Each structure stands twice: as structure tokens, then as C-alpha cells.
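When a ligand or atom number is given, it counts from 1 through the structure's own listing order. Count residues from 1 along the sequence. Just so it is clear, the values below take in all heavy atoms, side chains as well, and ignore hydrogens, waters and symmetry mates. Since the model is a prediction, treat every value here as computed from it, not as a measurement.
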Amino acid sequence: MKHLKPSATGIISSAAIQMRKEGIHVYNFAAGDPVLPNHPSILEAAKAAIDEKMSPYAPIAGLIELRKAAADWMNRRYQCNYSNEETVVTAGGKFGIYAALQILLEEGEEAVILAPYWVSYPEMVCLAHGKPVIVPTSEETHWKTAAEQIKAHLTEKTRVLILNNACNPTGALYTRQEIADILSLAKTHNLTVISDEVYSEIVYDDAHFVSCASFPEYKSRVLIIESCSKNFGMAGWRVGFAFGPKELITNLVALQSQSTTGTSLASQKAALGALKDADRTAAYVRNAMLRRRNLFFETFNRLFKKNVKPVSSTLYYFAKIDGDSMTACREILEKAHAALVPGTGFGLEGYLRFAFSEEEKEIVKGLEALKKIHFI
Ligand code: PLP
């Protein structure tokens with residue numbers, strides 16, 4: 001039997017689930033998605049799907065009308081031109097990344113990952129028998145790294161670069177120039193860029209999201225990963241998308257045909273409901289998360305006498321702490337009944353990740369509970 005590592009976000013959340021079973025209220029700063037009722041456009045589409053009373057297999061690559069709606073959504077936002085054949089519906093963005101790595105990596109080949117990274121990337125690379133090559137970033141450089149620094153980590157075995165923009169856990173957003181430099185580096189070194197853009201709509205104030213899809217000259221080496229989980233607040237429905245060169249998408253569909261058979265039909269219809277009214281559905285989630293972000297940072301700064309600038313995107317704040325992050329998380333859970341995620345899960349010790357995507361009263365009460373244990 002192989003012994004696989006469970007996702008790092010799972011350890012504290014399992015402990016929190018156990019405490020909840022025992023009747024203890026746990027403040028949820030460990031969420032990975034907007035804690036929000038689904039927008040009516042999603043619910044109505046899902047109800048209509050159930051009323052059809054039949055649940056046959058969906059097409060492996062996804063319903064054609066959903067692929068078209070997803071491609072239109074991308075093409076409209078970024079002036080690109082993805083066709084249906086360059087678009088596949090996946091069981092969440094996560095499966096798109098997993099499948100792409102399975103296809104792109106041979107044994108021992110390398111994938112560059114910028115740290116702090118989304119928890120699953122290194123393990124996914126290992127599951128594809130590849131080697132994760134971690135390139136660190138720091139708070140001083142706004143959690144970003146320039147193409148020049150990435151270049152120093154490339155070898156003749158590097159095949160893939162995973163770029164997470166906007167970044168979980170830091171909220172870092174890359175500028176047009178920074179992305180252009182990274183894509184140019186990828187071209188020079190013949191790399192495929194997996195651009196994980198699952199927070200593309202969760203961007204606040206006047207911050208601007210730039211997609212790798214808006215560089216047509218690099219289309220042949222870019223795979224865009226998108227998702228309904230965060231952008232439309234429908235994580236449990238498990239609908240994501242991958243957009244990329246036809247050959248890679250065809251392979252991805254083949255892998256899907258030998259593994260998941262695609263995602264659930266009712267979920268795809270629910271996603272179609274979200275995409276039919278994409279701007280409004282996304283604004284519903286974004287506006288709720290904006291209110292929670294503002295409340296989180298106002299309360300955090302007031303209670304802990306800090307002056308932390310609110311993040312410009314995603315649902316998270318990556319907070320510096322003294323000492324070991326897993327010990328801190330266990331202690332916070334035990335003493336303040338609040339669940340957070342340790343920085344080590346994201347490849348960086350000395351930090352904790354707060355999610356501010358819970359209901360507003362939970363955010364305030366949870367921070368007050370942390371204040372009582374003198375955590376910061
Ligand atoms: N990528 C990032 C950066 C994420 O944070 C997540 C979820 O937390 C995913 C991908 C996967 O999302 P899903 O599979 O729900 O679309």
C-alpha cells in the first residue's frame with residue numbers, strides 16, 4: 001500500500017470537525033471557499049436539472065453548451081479566442097491541475113512552484129512522478145518573484161511552471177509586465193505554464209487581475225485553470241475548467257475518460273446557470289467577500305493595534321507569527337476554539353493563514369477569542 005500525504009488544510013479542519021461533533025463552537029478561519037448561499041441563478045438551474053428526472057452520463061469533456069459558455073466567459077473578459085475544443089469541464093480546478101501534471105510530466109521531470117504555494121501543488125507533482133522545484137518569495141517582495149529569479153532554478157529537466165495568480169495564501173496579484181516576463185521565460189525554456197486563476201473574480205477595490213489568457217502570442221504553451229468554486233461560490237458542486245492548446249485538452253479529456261468520466265450532470269447545469277449571468281453571480285460573491293474582508297482587517301487592526309493593509313484579492317490573510325505554525329494552530333484551536341491553517345502547509349514556516357470568508361459575526365467573535373488568548 002502507498003502512503004499518500006493528505007492535504008495539509010485537512011489536519012486542522014478534521015480536528016475542528018471533531019470538536020464540533022462534541023458540541024464545541026469552532027470559529028472558522030480555515031475555510032477555503034465563500035461561506036454563502038448559492039446565487040438564485042445557480043439554484044434555479046440545479047432545480048430544473050433535478051426536475052428532468054434523468055441523470056445519464058454527461059459528455060466526458062462536459063456539456064457542449066457549458067464548454068461554450070465557459071469559453072465565451074474567458075473570451076469576453078480577456079479578449080482571447082478559446083474554442084469549444086480548447087475548453088474542458090473538470091471536477092473542480094483541482095482535477096484540471098492534477099490531470100495536466102499527469103500528462104505533462106515524465107518521471108524525474110521538474111515543475112517549478114512559487115512558495116508560499118497552494119497546498120496541493122507539490123504532492124500533485126510527486127503523484128505524477130515529477131520533482132517539485134520550489135522558488136521562494138517573501139513578504140518584502142509582496143509575495144512575488146521576477147522571471148530572473150525563476151530562471152536561476154531552471155534545469156534541462158524543467159517542463160512546467162505553475163503560476164498561481166491571484167495567489168492562495170498571500171493574495172498576490174501579478175502585473176501585466178511581470179506575467180509577460182514569466183511567459184517569455186517559459187517560451188525561451190520551452191516550458192508549459194499552468195496558470196491557476198481560480199480566484200480571478202475575487203479581486204477588490206481598484207486592483208486589476210491580469211490573465212495569462214490575455215497574451216495570444218503565448219497561447220500554445222499556457223493552460224488556464226478556472227473554477228466555479230470561488231468565483232461563483234459553488235465549491236461543493238465541483239465544476240472547474242481548463243483552457244489550452246487543443247492537443248493538451250484532447251489528452252486531458254482522454255485522461256478524464258479513464259478516471260472521473262467528467263463531473264456530475266446536475267453540477268454542470270448549475271454551473272451553466274452561474275455562467276448565464278456570470279457578472280452578476282460573481283459580483284454577488286465578490287461584494288459579500290469585500291464586506292467580510294473590510295470587517296476582518298478593521299477588527300484585526302483595532303484589536304491587535306496593527307496597521308495591516310487589506311489584501312487586494314482572494315479570501316485570505318497570510319499573517320506572520322513567532323514560532324512554529326502547526327503548534328500555534330493546535331494551541332489556537334484548543335484555547336480559542338478557532339481553526340486556522342499553518343504556514344507549513346503552504347511551504348513557509350512562521351505564518352498562519354486566516355480565511356475571512358465566514359459570516360460577519362463569526363469573524364468578529366473569532367478575532368475577539370484570539371485576542372483573549374494573547375495570540376498576537
Ligand atoms: N487552486 C487554488 C489556488 C485553490 O485555492 C483551490 C482551492 O482551494 C483550487 C485550485 C481548487 O479549487 P476547486 O477544485 O474547488 O476548483
Could an N or O of ligand 1 be found under 3.5 Å from any N or O of [X], whether backbone or side chain?
X      : result
Ser229 : yes
Lys230 : yes
Tyr121 : no

Contacting atoms of ligand 1, where contact means under 4.0 angstrom from a heavy atom of [X]:
X      : value
Ser227 : 13 (P), 16 (O)
Gly92  : 14 (O), 16 (O)
Asn164 : 3 (C)
Gly93  : 13 (P), 14 (O), 16 (O)
Arg238 : 13 (P), 14 (O), 15 (O)

Q | Residue-ligand contact Tyr199/ligand 1, heavy atom below 4.0 Å | A |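 Per 4.0 Å heavy-atom rule, Tyr199 contacts ligand 1.
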Q.
In terms of relative ring orientation, are Tyr316 and Tyr199 parallel, tilted or perpendicular, with 30° and 60° separating the classes?
A.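 Ring orientation of Tyr316 relative to Tyr199: perpendicular.
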(Q) Angle between ring planes, His39 versus Tyr284, binned at 30° and 60°: parallel, tilted or perpendicular? (A)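 Answer is perpendicular, since the angle exceeds 60°.
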Q: Do me a favour and list the nearest non-hydrogen protein atom to atom 11 (C) of ligand 1 with residue, atom name and distance?
A: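 Closest protein heavy atom to atom 11 (C) of ligand 1: Trp118 CH2, 3.6 Å.
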Q. When rounded to the nearest 0.5 angstrom, what distance separates OG in Ser313 from OH in Tyr204?
A.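 Spacing of OG (Ser313) from OH (Tyr204) equals 7.5 Å.
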**Q.** Side-chain donor/acceptor of Thr281 to backbone N/O of Asp277, under 3.5 Å
**A.**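 At least one qualifying donor-acceptor pair exists.
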Q: Starting from the C-alpha separation in whole Å, work towards a yes-or-no answer on salt bridge (charged side-chain N to carboxylate O under 4.0 Å, His left out) for Glu360 and Arg291.
A: CA-CA 8 Å; Glu360 296 175 22; Arg291 284 194 296 277; 3.7 Å; yes
Q: Closest by any non-hydrogen atom to atom 1 (N) of ligand 1: pick that one out of Asp196, Leu315, Thr90, Thr314.
A: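 Comparing heavy atoms across Asp196, Leu315, Thr90, Thr314, the nearest one to atom 1 (N) of ligand 1 lies in Asp196.
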Q.
To check you understand the geometry: which heavy-atom pair defines the closest contact between His208 and Leu173, and what is its length?
A.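 Scanning both residues, the minimum pair turns out to be O-CD1, 4.1 Å.
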**Q.** Qualifying residue, where the test is side-chain contact (heavy atoms from CB on, under 4.5 Å) with Ile150 and the options are Leu163, Val133, Thr145
**A.**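 Testing Ile150 for a side-chain contact (heavy atoms from CB on, under 4.5 Å) against Leu163, Val133, Thr145 leaves exactly one candidate, Thr145.
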**Q.** Basic-acidic side-chain contact under 4.0 Å: Lys47, Asp51
**A.**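 Not counted as a salt bridge, because no side-chain N and carboxylate O are separated by less than 4.0 Å.
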